[in-house]
There are 2 protein chains.
Amino acid sequence: MIETPPLREALIQAGIALLAEGGPAALTLRQAALRAGVSHAAPAHHFSGLPGLLTAIAARAFDTFAQTLQTARDGAGDDPRARLHGICQGYLTFAATHAGLFHLMFTAPEVDRRDPALDPAAALSYQILQQACRPFATHPDDRLEVSVWSMVHGYAALGFCTPAPPRPMAKPPKFSDLLDELLRS
Amino acid sequence: MIETPPLREALIQAGIALLAEGGPAALTLRQAALRAGVSHAAPAHHFSGLPGLLTAIAARAFDTFAQTLQTARDGAGDDPRARLHGICQGYLTFAATHAGLFHLMFTAPEVDRRDPALDPAAALSYQILQQACRPFATHPDDRLEVSVWSMVHGYAALGFCTPAPPRPMAKPPKFSDLLDELLRS
DNA sequence: AGATCAGCTTGACACTGTCAACCTGCCGCG
DNA sequence: CGCGGCAGGTTGACAGTGTCAAGCTGATCT
């Protein structure tokens, strides 16, 4: 099952660790190479420069993201509403605990988001949310999942789910309340 | 009225131009200094390093952002629903046409978002949206503006409003439809 | 056995942010 | 009036970065 060169995997893991420890600024090619025990130019044989490494890490992040959504859904019971709430909670928890990966997945400008390597896990994530929204559709060509995804993503990106909400907001409302309000339409 | 040193203003304008032309990677201290016609170390006398310049540009971006929302609202007539739609459309248009500034305002990790320089315009932006949401509140302590802001921001950040939507989506739904759906609750 | 080549190293280059030292003209004050 | 201080600009240097070119090396295939 190990088809990918071991160094490539080691560099991805080193990059994830650097990102978690020192934020996006600490994730450099040379540091990743140093942590993997190779010379500074070795990564060039496995990634197309820094953007390549970041994109590979983003792809890996989408994998664990989809898995997080899946387990959050499965752990929320059988009620459709509870399942959708669980998925959104998983989304917010992932964004808060893996802020670096989250930033890489969605907003880091160096990542090539058209890379096919992102496709499988990204599509799976979308399908998980889409499927959970289906019981709430009012008519067949409903696009409720876009509303939910936009809202939960905006809620996470704006920082409502972190300990430091934007300044105009002393106490941000809980996302679950917003979701219930949206589903009541 | 000109209380700020002229070079500071020139550097901010140069930075905005660099950002618009070459994206976030092109916005460097040295290039901004070069374009302003000063030496590479001159910016240090007006900003606390690169994060300082980026934060100042973000503050400037919030100014024009608030102004954009305001004119979008005023140009949408008197109907509360039309006004809210106009504001959201202004939000999405700003995000699409000033992607660099938008990224700086909300997601660039180098920007110090607790800088008080961001406060006035950011608070004004929030108040504009909050005020436009008030007619739709069902009970006094409603937080509808958080729902709307999260949704429109997520919609913009996920790229639905750009010519290249995320891959699972061939034809993203129009945001105005999502907003109507939310308001129907 | 010998050619091939992926994978890694070394070395160099341009570019970046940042710091220290220095210059310079202006402004306030003795 | 003279002069000290200093905001604001310069030059020069340094470490760190991404990226490229050249070379080495060991396994693999013919």
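Chain letters run A, B, ... following the sequence lines, proteins first and then strands; every chain starts at 1.
- Atom pair Phe47(A):CZ and dG18(D):P shows a separation of 13 Å (rounding to whole Å applied).
- Checking side-chain atoms of Ser150(A) against main-chain N and O of Ser147(A) turns up no donor-acceptor pair under 3.5 Å.
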Would you be so kind as to tabulate the donor-acceptor pairs closer than 3.5 Å made by side chains of residues 23-45 of chain B, with sequence neighbours excluded?
from, atom 1, to, atom 2, distance (Å)
Thr28(B), OG1, Gln31(B), N, 3.1
Arg35(B), NH1, Glu21(B), OE2, 3.1
Arg35(B), NH2, Glu21(B), OE1, 3.1

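- Both Leu50(B) and His45(B) lie near DNA chain C, and the one whose nearest nucleotide falls closer to the 5' end is Leu50(B).
- For the pair Thr64(A) (side chain) and Ala61(A) (backbone), a donor-acceptor distance under 3.5 Å is present.
- Aromatic rings from Trp149(B) and Tyr126(B) are positioned such that their centres are separated by under 6.0 Å.
- In this structure, Leu11(A) places its CG atom 15 Å from C1' of dG18(D), rounding to the nearest Å.
- Interface residues of residues 28-42 of chain A facing DNA chain C, ordered by number: Arg30(A), Val38(A), Ser39(A), His40(A), Ala41(A), Ala42(A); criterion, heavy-atom separation under 4.0 Å.
- Residues Phe94(A) and His98(A) bring their aromatic ring centres within 6.0 Å.
- Distances shorter than 4.0 Å separate none of the side-chain N or O atoms of His46(A) from OP1 or OP2 on dA6(C).
- Residues passing the ring-ring contact (aromatic ring centres under 6.0 Å, His included) test with His103(A): none are found, sequence neighbours excluded.
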